[in-house]
Amino acid sequence: MALRKTFLDGFTISLQNRLTLTYTLFISAALALLALAINLFTGITFNALVKENISVKNAEIVRVMTELYNPMAQSFDSGAVEDFGMYFVHEGYIVSVEDIRGEIIWDARSCDMRQCRDVIADISSRMERQFRVDGGMRKQRYTAQYNGKAVGAVIIESYAPFFYSEAESEFLSLINHLLLAAGVLLCVLSAAVSIALARGIALPVNLAGEAARSIAQIHSGGVILKHGGVRIPEKYKTRELAGLSSSINQLAMELEEAERWQKQLTADIAHELRTPLTCLRGNIEAMVDGVFTPDRERLLACYEETIRLNNLAEDLNTLSGLELGNIPYGMSKNLNKSVFDIAKLLQTVAGQFSAAVSEKGVDLHLRLRESPVSADYDRLKQVFINVLSNAVKYTDQGSISISVEAVDKDRLPGAPSGIRWEVIIADTGIGIPECDIPHIFERFYRTDKSRSRSTGGAGIGLAISAAIVKAHGGEIFAESAESGGSVFHILI
Ligand code: ADP
């Protein structure tokens with residue numbers, strides 16, 4: 001089915017922009033709602049206050065006009081009524097006063113029609129255009145009472161349902177402008193805060209991405225930086241961001257270590273190949289040039305070098321096979337397990353070395369006990385051969401002892417219950433310097449290169465042994481014997 005392409009395909013937005021946009025929209029919406037609520041609340045309260053003021057004003061007008069009633073003349077003081085009446089017109093109230101017979105004493109419209117029309121037009125336009133209040137002029141009639149007796153009526157015409165005086169409308173406009181200015185200011189502030197917040201989150205994520213890209217480039221190009229490669233500063237207070245930075249840094253460190261290790265291995269292998277090859281080449285060239293006669297001795301020397309090369313290749317093959325399939329605690333698929341007695345295996349291995357040991361005049365002591373185990377017989381045999389051959393190689397006088405003991409369970413916490421034997425191979429040979437002990441199980445590590453060269457080792461035997469023991473879920477370690485010499489512990 002053909003996929004339809006939309007204009008959104010390939011459209012991406014950066015994390016920082018997305019966060020900024022989200023924060024800004026969210027904060028602006030919250031601010032708008034808040035402003036609306038404030039506006040609504042102040043509007044309702046203010047209008048109630050204005051309506052209250054209008055009723056109070058009406059009552060005041062009636063009181064003032066009633067006070068202008070002269071009981072002697074049984075009429076209102078028309079001069080004073082006019083003065084007050086015109087004053088009320090300026091405030092937006094069109095007043096007229098009638099006597100008890102209903103005759104008009106004074107009427108604002110008749111007195112100054114133009115003034116009244118201007119005031120009404122002014123209020124109507126202010127309320128309708130500026131404040132969107134849909135109203136109109138409304139008349140209210142009040143009885144004027146003197147000493148509890150009706151003496152006339154006061155008619156007040158004003159804009160209904162309510163109207164703002166000039167001062168009130170100015171106050172309201174000021175409030176609205178202030179709210180608008182505060183809103184704009186808060187929007188700008190919220191945008192700035194959003195940008196800062198988004199940057200705070202997006203920056204480390206971007207840095208992590210860039211670092212991961214640089215790490216990938218460096219490793220695909222095979223470049224190793226001498227003084228540490230790409231690193232992200234781990235200064236972030238947010239737990240997830242700090243975790244992300246430290247994971248990337250950890251990854252970078254492990255990749256660098258693996259690469260260094262690989263380069264070291266290649267260099268070591270090249271070095272180990274060079275020695276026998278140089279020897280072979282020298283011998284063969286000399287024989288071709290007629291410098292050496294190709295007698296049995298020369299050919300044997302060449303043959304020994306090919307054997308050394310072959311052994312090296314086999315050792316490397318075994319090691320890589322073990323390290324590739326290595327799964328902790330004896331789960332390795334590369335193991336061919338069977339149940340056998342470790343003691344019997346050690347006896348067999350010791351037998352292989354009896355001739356070499358007696359030739360060197362070294363004593364070999366065995367302290368064995370029945371020790372059944374489920375393990376790979378051939379692989380374990382290889383471990384014992386490697387460790388024992390070293391003991392024989394590096395011991396010229398004294399003794400070598402081999403023993404099996406039951407392991408105290410606490411010594412291998414977390415190991416499956418089957419692991420319970422400790423094989424100890426101790427010698428009184430030249431021993432291993434303390435500083436070398438942590439490294440002797442590394443590939444190609446030799447405590448003294450020249451010395452080992454004379455004993456023919458490439459420094460792989462213990463690395464293979466460690467890989468086999470680890471594949472069985474066990475442990476192997478060495479220590480210096482108090483009497484000199486070395487002690488190897490193999491826990492299976
Ligand atoms: P090699 O094949 O060189 O012996 P190994 O991996 O078996 O390599 O051992 C690594 C190094 O540990 C040896 O080169 C040697 O320096 C040191 N070593 C191992 N076993 C003994 C021992 N019993 N006494 C002294 N040194 C030892």
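In this chain, numbering begins with 1 at the start of the sequence shown. Note that ligands are numbered from 1 as they come in the structure, with each ligand's atoms numbered from 1 the same way.
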Notebook entry, point to check: Would G459 count as a contact of ligand 1 if the rule is a heavy atom under 4.0 Å away?
Noted result: yes
Check: Looking only at atom types and distance, does a side-chain atom of S480 sit under 3.5 Å from a main-chain N or O of I432, one as donor and one as acceptor?
Finding: yes
Next item on the list: Give a yes or no on whether the backbone of E479 and the side-chain of H489 come within a donor-acceptor separation of less than 3.5 Å.
Entry: no
Note to self: Ring centres under 6.0 Å, that's the criterion: do F488 and F477 meet it?
What the structure shows: no
Margin query: Test of understanding: given a 4.0 Å heavy-atom threshold, classify the contact between I460 and ligand 1 as side chain, backbone, both, or neither.
Written below: backbone
Check: Which bit of F441 gets closer than 4.0 Å to ligand 1, counting heavy atoms only: side chain, backbone, both or neither?
Finding: neither
Note to self: Can you name the atoms of ligand 1, numbered from 1 with element, that are less than 4.0 Å from a heavy atom of K393?
What the structure shows: 1 (P), 2 (O), 4 (O)
Notebook entry, point to check: Looking at S486, which atoms of ligand 1 are within less than 4.0 Å of one of its heavy atoms?
Noted result: 22 (C), 23 (N), 24 (N), 25 (C)
Next item on the list: Find the distance between CD (E475) and NZ (K470) and round it off to the nearest 0.5 Å.
Entry: 11.5 Å
Checklist line | Residue selection (non-hydrogen contact nearest atom 11 (C) of ligand 1) among F488, Y445, Y394, F444 | finding: Y445
Notebook entry, point to check: Below 3.5 angstrom, do we get any N/O pair linking L462 and ligand 1?
Noted result: yes
Check: Can you name the one residue among S169, S125, S173 that meets side-chain hydrogen bond (donor to acceptor under 3.5 Å, both in side chains) with Q130?
Finding: S173
Next item on the list: Walk me through it: do E128 and Y159 pass the test side-chain hydrogen bond (donor to acceptor under 3.5 Å, both in side chains)?
Entry: CA-CA 11 Å; E128 279 155 27; Y159 194 87; 2.6 Å; yes
